**Student:** 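Below is the structure I would like to discuss, written out as structure tokens.
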Amino acid sequence: MSNENINITLPDGTILEKPSGITGLEIAEGISSGLAKQSILVEVNDELRDLSYPILEDSTLKILKKDADEALELIRHDCAHVMAEAVQTLFPGTQVTIGPAIDNGFYYDFSREDAFTLDDLEKIEKKMHEIIDLGLPFEREVWDRKKAIDYFEDIGEIYKSEIIKDLPEEEEVTIYRQGEWMDLCRGPHLPTTKHIGKSFKLMKVAGAYWRGDENNEMLTRIYGTAWRTDKELRTYLNMLKEAEKRDHRKIGKEMKIFTFDDEVGAGLPLWLPNGSVIIEQLENLAKETEDKAGYDRVRTPHITKGSLYEKSGHLSHYRESMFPAMDIDGNEYFLKPMNCPHHHKIFASLPRTYKELPVRLAEYGTCYRYEKSGQLFGLMRVRSMQMNDAHIYCSEEQFKEEFLSVCKMYLKYFEIFGIDKYEMRLSLHDPKKLGEKYVDQPELWLKTETLVREALEDGKLNFVEIPGEAAFYGPKIDVQVWSAIGREFTLATNQVDFAVPSRFNLTYTDNQNKSQTPLCIHRAPLGTHERFIGFLIEHFAGNFPLWLSPVQMSIIPVSEKFNDYANTVYHKLKDNGIRVNLDTRNEKMGAKIRNAELSKIPIMIILGEKEVESNSISVRRRFVGNEGGISLNSFIKSCKEEINDRLQIPSPKND
């Protein structure tokens, strides 16, 4: 340790004078033994480091404990290391490749001839517990690049060797040991394996190509989940059980909402009549909302010349996500992957003045994107999608109000659908990737990111900033929502585009009679029909509110002698625009009621002698039970109010 002293600034502003080379753990011990015992890592100059990392210069320091947000990712990453050691101990000759922390857990990819079984997972988990009990310290070592390559090649770890060879020349090669076992890793890590705890579980085995390339070897991936406490683990596992019951693929099939067919093609959903009803109701909601907000509706074709996407920049940035080109009369045509270039052309089709701005063009356009077969997942990841899309062309002075209006539209939709938990994420550019991942206009990036940030702050909207996730043409808001059982979904987007309008020579004449280029806001508050309906199925467990239910009511006569009256009620409800069916099957009442409940129909109308004599109906509502008799006209009036107001009648979270 050097004799030179350095200044360590703590979060509360306290400055500690310490010898250069001191570690975060030593600083924690100097503050209190209790803090030292609870510490798991440190943040030095905003970078996460091991507790044992030597601090060599004046620095800011934050000491983190297990309850810190950063701790969970560290626990999961360390779990992956311990799992890799357990696998190589139990199955000698297995190569380890890459093992990151991910949302809710971790995984590690292994190269092994034989696939792992569920019995193997139990053995691996048991061995992980043994390693954790040893309390082995995670020790960081910096190796010479050639030494590291030679070492991993000598022990047959060709994947690790390849990773090192691909590292930038200026990057340190760091190895972490836990006892005798070691792995290539940037870190940081917990102090010891014991700090991980045992609130984890190995979940499943899957296949994965090395580095995601289909031309490379198929590896075996083991997924696990890890949490700070057993309670957190139990909560997550219970959520998975509930999510399995609510799986939109299962409920969608049972409720006859959508289907897939091999002869149509993977990722291309077919909407059945019940699904078409839901789509129609969502479109009606969007159209009503957008009409009130001053949007104009447009329509665009499903295919377009490639030159349009060259101009917009989509070919250079998204070609791998587009279907292959078609040769038509010597020109390349593509299935439309997004609506924006077409809307730009519509804006450009007429001369515009500042008096017309903002121009808001909306479309439920069908787009096509080539998703890899292994990534397709029910309605959540498809190749054909109908997008709640719109583009707003405005001046810089109008931008803040327009951007905020879109965000407020989100909030109104969340209220309608009972989405209580959501997060707005401001996605920013990475200055190091200008010209590669992002348009190379640094001043405009900073200017528009500031505009978006100020709009959110003025609207008093909570948001978090996510560097490196912007669209190639500008910053954006991505909206994460959580379903009734706490499952997270990416739903909507609100993006600002400062680059593409100039590529399309989009202009308007300002009040000084000068030509100006508008800003463009891309927005999709309801995302796509596919993903949003998949979310809603799981959010409501198929128990849609009355206005959204494919079948809103089922009429159940007690016996066939009341069928004539049932037909009268049926036609009156139909004439009032209510979606209703009539169950005149020769079945017992209990079976008919049970069938309606399994079909998740919100309201059952029971008709017997009493109802015929009093010219009334008896109402039974799902989750509420019998509501008693009511005149048909009063019932229709109250139901139409509930439907038109898009109200939600409370139902239990778990069905």
Side-chain angles (χ1 to χ4, degrees), residues 103-104 235-258 269 271-272 274-286 289 377-382 385-388 409-425 478-493 524-552 579 597-603 621-624 642-643 645-655:
D103 287 346
N104 301 318
T235 298
Y236 176 71
L237 295 178
N238 288 336
M239 185 273 286
L240 289 183
K241 286 181 183 178
E242 184 62 28
E244 187 176 351
K245 287 195 293 183
R246 292 172 177 247
D247 190 323
H248 76 280
R249 296 167 299 176
K250 173 177 173 287
I251 294 177
K253 182 177 181 180
E254 292 169 350
M255 294 184 68
K256 301 180 178 63
I257 293 174
F258 66 92
W271 292 100
L272 305 180
N274 284 348
S276 295
V277 168
I278 299 173
I279 286 175
E280 187 175 71
Q281 294 307 310
L282 292 176
E283 286 193 7
N284 288 343
L285 171 62
T289 304
F377 181 73
L379 293 178
M380 298 303 182
R381 190 66 74 91
V382 292
M385 62 210 73
Q386 299 167 72
M387 192 176 297
N388 172 223
M409 189 182 288
Y410 294 156
L411 300 182
K412 181 61 179 175
Y413 286 147
F414 296 165
E415 182 183 339
I416 290 171
F417 293 105
I419 299 170
D420 299 321
K421 183 180 178 184
Y422 60 88
E423 182 178 80
M424 294 191 178
R425 297 180 178 174
D478 287 321
V479 185
Q480 300 297 113
V481 298
W482 282 260
S483 70
I485 59 169
R487 191 171 178 196
E488 182 180 357
F489 295 80
T490 301
L491 181 61
T493 189
L526 296 177
T528 66
H529 281 323
E530 289 70 21
R531 175 164 288 191
F532 191 52
I533 291 174
F535 164 77
L536 290 177
I537 290 172
E538 299 195 7
H539 182 56
F540 292 118
N543 300 305
F544 296 108
L546 188 63
W547 71 273
L548 197 55
S549 292
V551 179
Q552 294 168 318
R579 300 185 293 275
E597 288 176 341
L598 289 174
S599 299
K600 301 184 184 293
I601 297 173
I603 293 175
R621 190 183 282 267
R622 184 166 171 77
F623 299 124
V624 177
E642 181 181 337
I643 291 166
D645 291 342
R646 297 188 172 94
L647 298 177
Q648 281 193 56
I649 302 299
S651 62
K653 277 191 175 182
N654 299 332
D655 175 26

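Small disclaimer: the values here were computed from a predicted structure and weren't measured.
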**Student:** I need the minimum non-hydrogen distance between Asn543 and Phe623, along with the two atoms involved.
**Tutor:**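 Minimum heavy-atom contact is ND2-CZ, 3.5 Å.
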
**Student:** List the atom of Gly534, the atom of Leu379, and the distance in Å for their closest heavy-atom pair.
**Tutor:**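 The pair with the smallest heavy-atom distance is N-CD1, 4.0 Å.
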
**Student:** Any idea how Tyr422 and Phe414 line up, ring-wise: parallel (<30°), tilted (30 to 60°), or perpendicular (>60°)?
**Tutor:**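 Answer is tilted, since the angle falls between 30° and 60°.
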
**Student:** For the pair His248 (side chain) and Gly378 (backbone), establish whether a donor and an acceptor sit closer than 3.5 Å, ignoring hydrogens and angles.
**Tutor:**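 Looks like no, no N/O pair under 3.5 Å.
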
**Student:** Is it the case that the side chain of Asn274 and the backbone of Met255 share a donor-acceptor pair, with hydrogens and angles ignored and the cut-off at 3.5 Å?
**Tutor:**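 Between the backbone of Met255 and the side chain of Asn274 there is a qualifying donor-acceptor contact (under 3.5 Å).
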
**Student:** Could you state the interatomic distance from CG (Asp247) to CD (Glu254), rounded to the nearest 0.5 Å?
**Tutor:**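 So the gap between those two atoms works out to 10.0 Å.
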
**Student:** So, do Asp420 and Trp482 sit near enough that their side-chain heavy atoms are less than 4.5 Å apart?
**Tutor:**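 No, every pair of side-chain atoms sits at 4.5 Å or beyond.
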
**Student:** Just how far is it from atom CG of Asp478 to atom CG of Leu491, taken to the nearest 0.5 Å?
**Tutor:**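 Reported value, rounded in 0.5 Å steps: 10.5 Å.
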
**Student:** Tell me if a side-chain donor or acceptor on Arg622 pairs with a main-chain N or O of Glu597 at a distance below 3.5 Å.
**Tutor:**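 Indeed, once roles are kept as given, a pair shorter than 3.5 Å links the two residues.
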
**Student:** Measure the spacing between CH2 of Trp271 and CD1 of Ile257 and express it to the nearest 0.5 Å.
**Tutor:**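 Rounded to the nearest 0.5 Å, the CH2-CD1 separation comes to 8.0 Å.
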
**Student:** Can you find a pair of side-chain heavy atoms, one from Lys600 and one from Phe540, that are under 4.5 Å apart?
**Tutor:**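 No, every pair of side-chain atoms sits at 4.5 Å or beyond.
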
**Student:** With side chains defined as the heavy atoms from C-beta onward, is the minimum distance between Ile533 and Phe258 less than 4.5 Å?
**Tutor:**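 No, too far: nothing below the 4.5 Å cut-off.
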
**Student:** Using modelled atom types and a 3.5 Å cut-off, is there a donor and acceptor pairing between side-chain atoms of Gln552 and backbone atoms of Leu546?
**Tutor:**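 The answer is yes, because a donor-acceptor pair under 3.5 Å joins these two groups.
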
**Student:** In Å and rounded to the nearest 0.5 Å, what is the CD to CD distance from Glu488 to Gln480?
**Tutor:**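 Answer for the CD-CD pair, Glu488 versus Gln480, is 4.5 Å.
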
**Student:** Inspect the contact between Glu242 and Lys245 and indicate whether a charged nitrogen and a carboxylate oxygen are less than 4.0 angstrom apart.
**Tutor:**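 Between Glu242 and Lys245 there is a salt bridge, with a charged N closer than 4.0 Å to a carboxylate O.
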
**Student:** Are Glu538 and Ile485 packed together at the side-chain level, in the sense that at least one heavy-atom pair is separated by less than 4.5 angstrom?
**Tutor:**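 No; the side chains remain at least 4.5 Å from each other.
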
**Student:** Would you say Leu647 and Pro545 make side-chain contact, with heavy atoms under 4.5 Å?
**Tutor:**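 No, too far: nothing below the 4.5 Å cut-off.
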
**Student:** Show the nearest heavy-atom pair for residues Ala286 and Tyr413, with the distance to one decimal.
**Tutor:**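 Residues Ala286 and Tyr413, closest heavy atoms: CA-OH, 3.6 Å.
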
**Student:** For a quick check under 3.5 Å, do Thr528 and Gln386 share a side-chain donor-acceptor pair by atom type?
**Tutor:**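 Side chains of Thr528 and Gln386: no pair found under 3.5 Å.
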
**Student:** If you round to the nearest 0.5 Å, how far is CZ of Arg487 from OH of Tyr236?
**Tutor:**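 Result: 8.5 Å between the selected atoms.
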
**Student:** With a 4.5 Å heavy-atom cut-off, do Val277 and Val551 have their side chains touching?
**Tutor:**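 SC-SC contact between Val277 and Val551 ruled out.
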
**Student:** Tell me if a side-chain donor or acceptor on Arg531 pairs with a main-chain N or O of Met380 at a distance below 3.5 Å.
**Tutor:**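 Such a contact is found between Arg531 side chain and Met380 backbone.
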
**Student:** Applying side chain to side chain contact (heavy atoms under 4.5 Å, CB included) to Val382 and His529, what does each step give before you reach the verdict?
**Tutor:** CA-CA 11 Å; Val382 292; His529 281 323; over 6 Å; no

**Student:** So do Lys412 and Met409 actually touch side chain to side chain, heavy atoms under 4.5 Å?
**Tutor:**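 With C-beta onward as the side chain, the pair stays apart.
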
**Student:** Is the side chain of His539 donor-acceptor paired with the backbone N or O of Ala484 at a distance under 3.5 Å, no angle test?
**Tutor:**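 Here the side-chain-to-backbone pair exists.
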
**Student:** Counting N and O atoms only, with roles assigned by atom type, does the side chain of Ser549 sit under 3.5 Å from a partner on the main chain of Ile601, one being a donor and the other an acceptor?
**Tutor:**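 It does not hold such a pair.
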
**Student:** If I compare all heavy atoms of Thr289 with all of Leu285, which pair ends up nearest, and what's the gap?
**Tutor:**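 Closest approach of Thr289 to Leu285, heavy atoms only: OG1-O, 2.8 Å.
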
**Student:** Mind listing the closest non-hydrogen atom pair of Pro525 and Tyr410 along with its distance?
**Tutor:**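 Nearest pair, atom of Pro525 first, then Tyr410: CA-CE2, 3.2 Å.
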
**Student:** Using a strict 4.0 Å threshold on nitrogen-to-oxygen distance, state whether Glu280 and Arg579 make a salt bridge.
**Tutor:**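 Not counted as a salt bridge, because no side-chain N and carboxylate O are separated by less than 4.0 Å.
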
**Student:** Could you check whether the rings of Phe417 and Trp547 sit parallel, tilted or perpendicular, using 30° and 60° as the cut-offs?
**Tutor:**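 The arrangement is tilted - the two ring planes meet at 30° to 60°.
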
**Student:** Roughly how far, to the nearest 0.5 Å, is CZ of Arg425 from OG1 of Thr493?
**Tutor:**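 One gets 12.5 Å once the value is rounded to the nearest 0.5 Å.
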
